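One structure is given here, and the rest of the page talks about it.
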2 protein chains.
Amino acid sequence: MSRASDRAYRKIRSFILSGEVRPGMQLTEERLSEVSGVSRTPVRDAVQRLENEMLLVRSASKRLSVADWSNDEIDEMFTLRGMLESHAVERAAQRMDAKRLNQLREINEALTKAIDQATPDIATFLTTNRQFHDLILDCAQSPRLSKLLPALIEQPVVRRTAHQYSREDLMQSRADHEELIAAFTAKDEAWASSVMTSHIRRAFHSFSVATKIGVEE
Amino acid sequence: MSRASDRAYRKIRSFILSGEVRPGMQLTEERLSEVSGVSRTPVRDAVQRLENEMLLVRSASKRLSVADWSNDEIDEMFTLRGMLESHAVERAAQRMDAKRLNQLREINEALTKAIDQATPDIATFLTTNRQFHDLILDCAQSPRLSKLLPALIEQPVVRRTAHQYSREDLMQSRADHEELIAAFTAKDEAWASSVMTSHIRRAFHSFSVATKIGVEE
DNA sequence: CGGATTGCATTTGTATACAATAGAATGTCA
DNA sequence: TGACATTCTATTGTATACAAATGCAATCCG
């Protein structure tokens with residue numbers, strides 16, 4: 001059986017990622033403990049984790065609310081993610097082995113199946129896409145990156161706009177993954193790194209178009 | 001009066017940074033609560049913060065110990081710090097104002113005084129150096145960077161070897177700061193960014209020499 | 001003798017009661 | 001009426017007791 005603090009963490013996190021609780025909304029620890037069915041102690045653990053991921057924020061008076069990001073913060077989030085994932089992919093290229101390379105290929109095949117349909121299966125796309133990035137992160141063998149990156153990758157704003165992505169966006173993602181695999185096969189760190197940089201920035205562009213933000217009017 | 005969890009955090013943190021508790025050393029929450037004079041509840045808060053900064057780690061069985069980093073992890077820590085501080089300095093260059101520019105100049109004058117002596121005042125050097133980087137971080141106006149960077153900057157391994165830095169290292173740091181100020185004055189982000197990149201990498205080199213690590217034998 | 005197993009001691013995890021504090025509401029007086 | 005002080009209330013912070021889990025060592029059995 002999992003720990004109560006983990007259950008609370010997952011529950012609150014899913015509320016935020018799904019958009020069930022809106023950015024800026026005020027929360028109380030007691031309310032969260034009711035919702036997640038555990039006492040305030042493990043809730044406080046969970047809340048602190050979510051604060052560190054910047055999904056929750058505390059006002060000056062320690063009151064709790066769901067984070068509400070400015071366009072500048074979202075832009076920077078993608079920038080940082082680009083820098084760190086490019087770095088991760090360099091490390092991964094140096095440490096890649098045949099077994100994991102095959103796993104990457106399998107994951108990307110699953111991803112291909114998900115989008116090669118009349119109506120792309122976005123949920124599966126998101127899951128397999130995440131698996132792909134997670135496996136790379138695993139290959140990078142860096143505890144620090146493994147701690148920092150997930151908080152930049154899993155974001156409510158991204159999650160909520162995913163279903164608006166065009167087929168071209170999804171196809172391009174798949175192609176990027178293919179190229180990454182090629183770079184890994186060639187053990188070419190610089191190639192892998194540059195592909196990842198554009199992969200992430202392109203994701204930001206798709207996101208911007210989907211949400212109409214990031215374009216000065 | 002500060003909160004108990006903050007007092008515990010500062011106390012435990014100072015033990016780690018000063019080297020009073022050694023890397024790899026096992027700790028218990030109860031022992032820490034005795035040492036810091038508060039109950040286990042705020043100690044757990046403090047410990048979670050320190051875990052996030054990777055100064056403390058938990059084993060698979062949730063037992064607590066002081067982090068002990070490999071050379072690879074230290075190298076990467078400097079790499080990440082270089083990437084993030086270079087990014088911070090770009091943002092800062094765009095947002096710099098006259099008042100803060102003057103503050104930077106004052107801080108660097110204080111730093112100069114600290115090292116222009118028969119025996120350089122390392123403690124003051126560390127303090128003012130930190131002030132310099134903190135003020136830049138403040139100018140960058142990025143909550144995310146403000147959360148991530150301090151954990152990369154304040155590190156026990158660095159702190160403990162600081163007194164071994166040569167006068168040349170200290171003078172070079174001062175010169176880097178001067179150049180950063182010049183870049184800020186010229187509002188030249190790229191200049192500022194590149195200076196910061198070498199500034200951090202040079203710091204890693206000084207550190208490596210001081211500790212004899214990072215050199216394959 | 002080696003390896004699994006059980007029981008005990010240590011340590012972490014959780015619930016709950018209470019203390020401290022910040023915000024809101026109410027009252028008071030010029 | 002409006003600014004200020006004063007309760008009152010809602011919320012977070014802390015201590016403590018107890019539950020669960022983990023490591024360790026003695027024990028048992030092959």
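Residue numbering restarts at 1 for every chain, and letters A, B, ... go by the order of the sequence lines. Predicted, not measured: the structure shown is a model, and the values here were computed from it.
- Counting to the nearest Å, the C1' atom of dT12(D) and the CD atom of Glu29(A) are 6 Å from each other.
- Using a 4.0 Å heavy-atom cutoff across all strands shown, Leu32(A) reaches no nucleic acid atom at all.
- Other residues, nucleotides and ligands contribute at most 12 non-hydrogen atoms within 6.0 Å of the CD atom of Glu30(A).
- Ion pairing of Glu29(A) with Arg44(A) is present here, as a side-chain N (NZ or NE/NH1/NH2) and a carboxylate O approach within less than 4.0 Å.
- Residue Thr41(B) is in base contact, counting any heavy-atom pair closer than 4.0 Å across all strands shown.
- The interatomic distance linking Leu64(A) (CG) with dG13(D) (C1') rounds to 14 Å, in whole Å.
- Residues Asp45(A) and Arg49(A) are not paired through a salt bridge, judged by the lack of any N-O separation under 4.0 Å between the basic side chain and the carboxylate.
- We find that Arg201(A) and Asp75(A) are joined by a salt bridge, their nearest charged nitrogen and carboxylate oxygen being less than 4.0 Å apart.
- Side chain to side chain, Glu76(B) and His87(A) meet the donor-acceptor criterion of an N or O pair below 3.5 Å.
- The aromatic rings of Phe204(B) and Phe78(B) sit tilted relative to each other, their planes meeting at an angle between 30° and 60°.
- What you find for Arg91(A) and Gln141(A) is that their closest heavy atoms are NH2-O, 3.1 Å.
- As judged by a 4.0 angstrom heavy-atom cut-off over every strand, Ser61(B) is placed among residues touching the sugar-phosphate backbone only.
- Asp45(B) has its CG atom 13 Å from the P atom of dT12(D), to the nearest Å.
- With a cutoff of under 4.0 Å to any heavy atom of chain A, the contacted region of DNA chain C is bounded 5' to 3' by dG13(C) to dG23(C).
- Using a 4.0 Å heavy-atom cutoff across all strands shown, Arg63(A) reaches sugar-phosphate atoms only and no base atom.
- Look at CD on Gln26(B): it is 10 Å from P on dG23(D), rounded to the nearest Å.
- Comparing Glu30(B) and Pro42(A) by the nucleotide of DNA chain C that holds the closest heavy atom to each, the one mapping nearer the 5' end is Glu30(B).
- In this structure, CZ of Arg58(B) is placed 13 Å from C1' of dA21(D), rounded to the nearest angstrom.
- In terms of position on DNA chain C, the residue among Val38(A) and Ser59(A) whose nearest nucleotide sits closer to the 5' end is Val38(A).
- Glu51(A) places its CD atom 13 Å from the C1' atom of dG13(D), with the value rounded to the nearest Å.
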